**Student:** 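Quick one: the structure is below, questions incoming.
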Amino acid sequence: MKILRMGLSIIFLSQIIACSALQPFTQPVNFTCEPKEGVSLVINGKKYNCPATVEVDRNQFLSVEGYKDGYLPYQRTISYHHNATFWLDLIGTCICLIPVIGLMTPGSYDLDETDVLVTLPAK
């Protein structure tokens, strides 16, 4: 009976450890613009036309710039935070050390926003 309990405990722990390491390292972010057409976006140094959905790293600041002739430019930085799997891995690390691996991966973060409205005021 003791062996059965130990085996079930190992199976259970293997299912909860390093959850963050199994999460995608990127996250889709949707960009919409006002005015709706003709806005050029620069997201982390790469150019896109608005509207756009862009896969970005979860664990890095997101730099967003918007440009259109006749409008003032838009600039913004979006931050990131620890997500629920980070906290689960942190708790799991107290039980056994293996979940600490997940704490060091991008999967333990989420961006603060995933739907961004880029509003350019007229000059």
Side-chain angles (χ1 to χ4, degrees):
M1 191 60 151
K2 208 173 195 181
I3 294 173
L4 178 61
R5 272 193 237 152
M6 183 181 276
L8 290 174
S9 295
I10 290 170
I11 291 170
F12 174 74
L13 285 174
S14 70
Q15 298 302 309
I16 65 164
I17 57 176
C19 296
S20 299
L22 302 176
Q23 296 293 320
F25 288 5
T26 61
Q27 185 172 7
V29 179
N30 301 311
F31 296 91
T32 54
C33 298
E34 187 59 45
K36 295 196 182 291
E37 294 184 14
V39 177
S40 296
L41 297 174
V42 178
I43 303 165
N44 287 347
K46 295 181 183 176
K47 294 183 180 184
Y48 299 90
N49 292 319
C50 196
T53 299
V54 181
E55 287 282 333
V56 295
D57 293 332
R58 292 173 169 268
N59 65 336
Q60 294 181 2
F61 288 101
L62 179 61
S63 171
V64 181
E65 300 172 18
Y67 302 99
K68 183 176 180 177
D69 289 339
Y71 292 85
L72 295 173
Y74 174 95
Q75 288 186 316
R76 182 154 176 228
T77 301
I78 297 171
S79 189
Y80 55 93
H81 61 275
H82 293 293
N83 60 22
T85 56
F86 169 87
W87 298 108
L88 290 172
D89 281 348
L90 188 61
I91 292 166
T93 299
C94 295
I95 298 168
C96 68
L97 285 177
I98 295 172
V100 76
I101 295 166
L103 298 176
M104 297 181 278
T105 66
S108 65
Y109 297 92
D110 279 336
L111 291 166
D112 289 346
E113 290 184 57
T114 56
D115 292 305
V116 179
L117 174 61
V118 176
T119 304
L120 299 161
K123 283 186 181 179

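Positions are given from 1 along the sequence. Keep in mind that this is a model prediction, so the values were computed, not measured.
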**Student:** Using side chain to side chain contact (heavy atoms under 4.5 Å, CB included), reason through Y74 and V116 one step at a time and then give a plain yes or no.
**Tutor:** CA-CA 12 Å; Y74 174 95; V116 179; 4.1 Å; yes

**Student:** Please list all pairs meeting ring-ring contact (aromatic ring centres under 6.0 Å, His included) that have one or both residues in residues 22-46, counting only residues at least two apart or in different chains.
**Tutor:** none

**Student:** Kindly write out the residues that satisfy side chain to side chain donor-acceptor pair (under 3.5 Å) with T85, not counting sequence neighbours, or none if the list is empty.
**Tutor:** S20, N83

**Student:** Look up atom CG in N59 and atom OG in S108, then write down how far apart they are to the nearest 0.5 Å.
**Tutor:**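 That separation rounds to 7.5 Å.
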
**Student:** Any pair with a residue in residues 43-54 that passes salt bridge (Lys or Arg N to Asp or Glu O under 4.0 Å), sequence neighbours left out, goes on the list, sorted by first then second residue, please.
**Tutor:** none

**Student:** Kindly state each residue pair satisfying disulfide (SG to SG under 2.5 Å) with at least one member in residues 49-80, sequence neighbours excluded.
**Tutor:**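 Of all non-adjacent pairs touching residues 49-80, those that pass disulfide (SG to SG under 2.5 Å) are C33-C50.
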
**Student:** Nearest 0.5 Å, what's the OG1-CD1 distance between T114 and I78?
**Tutor:** 9.0 Å

**Student:** How long is the span from the CG atom in D89 to the CH2 atom in W87, to the nearest 0.5 Å?
**Tutor:** 11.5 Å

**Student:** Quick one: side-chain hydrogen bond (donor to acceptor under 3.5 Å, both in side chains) pairs with a partner in residues 62-73, sequence neighbours left out?
**Tutor:** E65-Y67

**Student:** Nearest 0.5 Å please: distance from the CG atom of L62 over to the CG atom of L111.
**Tutor:** 6.0 Å

**Student:** Does the side chain to side chain contact (heavy atoms under 4.5 Å, CB included) test come out yes or no for V118 and V64, once each step is laid out?
**Tutor:** CA-CA 9 Å; V118 176; V64 181; 4.2 Å; yes

**Student:** Once salt bridge (Lys or Arg N to Asp or Glu O under 4.0 Å) is applied, what residue pairs with a partner in residues 51-64 remain, sequence neighbours excluded?
**Tutor:** R58-D110

**Student:** Could I get the full list of side-chain contact (heavy atoms from CB on, under 4.5 Å) partners for I91, not counting sequence neighbours?
**Tutor:**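 I91: no side-chain contact (heavy atoms from CB on, under 4.5 Å) contacts found.
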
**Student:** Taking atom CG of N49 and atom CG of L41, what is their separation to the nearest 0.5 Å?
**Tutor:** 8.0 Å

**Student:** With sequence neighbours left out, write down each residue that passes side-chain contact (heavy atoms from CB on, under 4.5 Å) with S79, or none if nothing qualifies.
**Tutor:** F61, D112

**Student:** Sequence neighbours left out, what pairs pass ring-ring contact (aromatic ring centres under 6.0 Å, His included) with at least one residue falling in residues 101-123?
**Tutor:** Y80-Y109, H82-Y109

